[in-house]
Amino acid sequence: MMTSVAARIQNPKDFWTGVIFMTIGGAAVILGREYPFGTAFKMGPGYFPTVLGALLALVGLITSLRGLLRSGTAIGAFAYREMILVLVATVLFGLLLRAAGLIVAVMLLVVVSAYASRYFRWGVAMALGVGMAAFCVLVFVKALGLPIPMFGPWFGQ
Amino acid sequence: MELLANLSIGFDAAFTFINLLYCLIGVTLGTVVGVLPGLGPIATIAILLPVTFTLEPVSSLIMLSGIYYGAQYGGSTTAILINLPGEATSVATTLDGHAMAKQGRAGPALATAAIGSFFAGTVATFLLAAFAPPLAELALKFGPQEYFSLMVLGLVASIVLAHGSLLKAIGMILLGLVLGLIGTDVNSGMQRYTFELPELADGIGFVIVAMGMFGLGEIIRNLENETTRTSVVKGITGLMPTKEDLKRMAAPILRGTALGSILGILPGNGALLGSFTAYSVEKKISKTPERFGKGAIEGVAAPESANNAGAQTSFIPMLTLGIPSSPVMALMIGALIIQGIQPGPTVMTEQPALFWGIIVSMWIGNLFLVILNLPLIGIWVRMVSAPYHLLYPAILVFCGVGVYSINSSTFDVYLMALFGLLGYIFSKLECEPAPMLLGFILGPMMEEYLRRAMILSRGDATTFLTRPISASLLAMSVVAMAIVLLPAIRRTREVAFREDG
């Protein structure tokens with residue numbers, strides 16, 4: 001079943017774009033049913049989102065159908081390793097910022113994200129991490145006075 | 001002369017030590033960003049936005065606009081030196097600019113770009129000063145109907161100018177509009193699509209979306225096939241164009257400036273359109289069109305003048321109407337709002353020093369670009385091939401700290417990561433993120449104006465067509481849409497954008 005559908009997709013880029021549009025548009029319409037719709041005269045909070053969501057779903061449907069009919073190139077391979085490292089590094093930064101403080105969070109963000117590069121060297125990445133942490137402390141905490149702790153509660157502060 | 005009086009208010013505001021300094025920082029940073037691989041003005045301005053909280057409104061706007069046109073300048077430098085347009089607006093410059101560089105004439109090509117940009121910048125500054133007041137006056141008569149129609153025109157224009165598939169561009173706009181509605185509805189106080197998360201009650205900050213899609217998404221995409229850029233040009237000898245060059249470039253600069261200025265006012269990144277149009281006009285009217293693509297100096301002078309003129313005049317809708325014509329302008333509006341200034345026609349009368357200060361600072365910024373950048377060209381050449389694997393972790397740090405500092409919220413950092421993922425997926429699917437960002441910013445405003453207009457007209461939708469200004473704006477949208485749907489134009493549009501890739 002799946003393979004027969006997959007074989008029919010002429011243009012996967014269009015097809016999957018349409019699927020994303022339909023999903024988000026459809027979700028907007030379904031969730032929007034909880035908000036009063038109102039009338040054209042007195043539009044409720046549900047009016048505009050429902051209309052937009054429906055339009056988005058419609059555009060998505062057309063895009064997907066076109067993806068089934070018109071030929072196109074395949075979607076290029078996802079760079080999963082790089083993608084995951086960059087995103088994980090960012091989330092890790094968010095998790096560590098308050099608990100461990102700016103210095104540790106920045107150093108980890110740099111080293112973990114730098115690991116995604118094919119030119120990664122431990123020494124270089126560590127040095128860059130230390131440098132960026134020092135820069136952030138000087139510029140953001142000392143000079144601009146942003147309320148970010150240098151060291152978090154993990155270090156007993 | 002009211003114009004001169006206004007400009008002198010601007011000079012007073014811009015010619016303080018601190019504002020000159022921020023202007024200098026802005027254009028230098030902009031050039032660096034334009035030259036460095038993988039960092040554009042949208043991400044940079046988004047990153048720096050939190051820093052501007054502490055500045056005076058004039059200073060922050062001066063610095064941010066400096067980044068914008070500095071980046072255009074840096075973008076042309078990479079276009080000429082390594083055949084990679086730093087910004088989309090310098091795509092046309094690669095054709096002849098890089099050809100000149102390969103012939104060992106990188107110096108004159110860069111000088112031509114600088115001279116053309118400066119001339120165009122000067123003219124556009126005066127145009128801005130001359131046309132902004134009457135436009136702002138007109139805008140004071142705007143009701144919600146006109147604002148709504150104007151935004152429709154802006155969105156249609158950004159569809160027209162988006163790369164690739166029209167259908168996808170329309171979808172991306174709608175997606176942006178929908179995402180922009182997340183948060184508390186201003187009319188009813190009802191929370192929409194917040195999933196009962198208090199962090200979403202105020203909606204998603206557009207800086208988060210911009211940094212995620214243009215910062216993180218771009219980094220992942222660049223890491224896909226990481227290569228080190230190399231410049232064919234190691235050193236620049238002889239910047240000065242010859243007498244022959246100067247003679248050849250004069251008329252194209254004038255034509256480019258005129259075209260760029262007019263097209264720049266159009267909503268939806270008219271600067272981009274200007275540089276392409278200027279290039280093709282030169283090629284068409286040239287007696288020796290065969291020289292184009294092989295290092296014709298006209299092919300550098302015209303698009304460079306056009307894109308700089310357009311970059312400047314694209315401030316007109318933002319400053320006079322409070323409507324962003326591109327994501328960069330949307331960020332500028334964000335900067336104003338952060339400073340407690342509601343962008344729109346009243347800025348000019350209520351904040352004359354700010355308004356005219358920004359305009360004058362653009363001219364000063366262009367002057368800085370010419371007198372500083374040409375001597376510093378050696379540094380830019382070296383920066384062109386800066387190792388990306390050292391750059392992107394630093395960019396990530398700036399994104400992370402920047403996004404956190406806006407609301408001191410780690411939730412925003414996670415949201416940014418989510419939009420980074422979305423941005424990467426969309427780039428794999430060949431969907432342009434810029435129209436989405438524009439829709440995202442305009443969404444809440446559009447809803448507000450639509451609702452107000454409908455209340456005023458008692459639910460009669462024809463109100464948009466019976467008011468002359470609103471009707472003509474909508475007519476322009478229809479014409480713009482119709483034009484791109486015409487098969488012939490559609491093909492050239494696709495070809496024009498393909499040269500980009």
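Below, read A as the first sequence line, B as the second, and so on, with proteins coming before strands; counting in each chain starts at 1.
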Go through A:Val112, A:Val124, A:Leu95, A:Val106 and name the one with the most non-hydrogen pairs under 4.5 angstrom from chain B. A:Leu95
Do A:Phe135 and B:Phe398 have ring centroids that are under 6.0 Å from one another? yes
For chain A, find which of B:Leu396, B:Ile170, B:Ile173 contributes the most heavy-atom pairs closer than 4.5 angstrom. B:Leu396
Side chain to side chain donor-acceptor pair (under 3.5 Å) filter on B:Asn407, not counting sequence neighbours, yields B:Asp412
Who wins among A:Gly38, A:Gly32, A:Gly145 for the most heavy-atom pairs under 4.5 Å with chain B? A:Gly32
Give a yes or no answer on whether the side chain of B:Tyr392 reaches the backbone of A:Ser113 with a donor-acceptor pair at less than 3.5 Å. yes
Select one option (side chain, backbone, both, neither) describing which atoms of A:Leu52 are under 4.5 Å from chain B's heavy atoms. both
Most chain A-contacting option - heavy-atom pairs closer than 4.5 Å, from B:Asp460, B:Asn187, B:Val401, B:Ile425: B:Val401
Count the heavy-atom pairs under 4.5 Å between each of B:Gly400, B:Gly171, B:Gly189 and chain A, then report the option with the highest count. B:Gly171
In short, side chain to side chain donor-acceptor pair (under 3.5 Å) pairs touching residues 72-100 of chain A with sequence neighbours left out are A:Lys13-A:Thr73, A:Arg98-B:Tyr404
Minimal non-hydrogen separation, B:Ala394 against A:Met132, with atom names: CB-SD, 3.8 Å
What residue in A:Thr39, A:Leu146, A:Leu87 has the most heavy-atom pairs under 4.5 Å with chain B? A:Leu87
For a quick test of reading the model, state the closest non-hydrogen atom pair linking A:Pro45 to B:Arg451 and the distance between them. N-NH2, 3.7 Å
Is the backbone N or O of A:Ala28 less than 3.5 Å from a side-chain atom of B:Tyr193, with the two atoms forming a donor-acceptor pair by type? yes
Short question: side chain of A:Tyr119, backbone of B:Leu390 - any donor-acceptor pair under 3.5 Å? no
Could you tell me which portion of B:Ser409 (side chain, backbone, both or neither) has an atom closer than 4.5 angstrom to a non-hydrogen atom of chain A? backbone
In the structure I gave you, are the side-chain heavy atoms of B:Val413 and A:Val91 within less than 4.5 Å of one another anywhere? no
is_close_aromatic(A:Phe78, B:Tyr424), centroid dist under 6.0 Å: yes
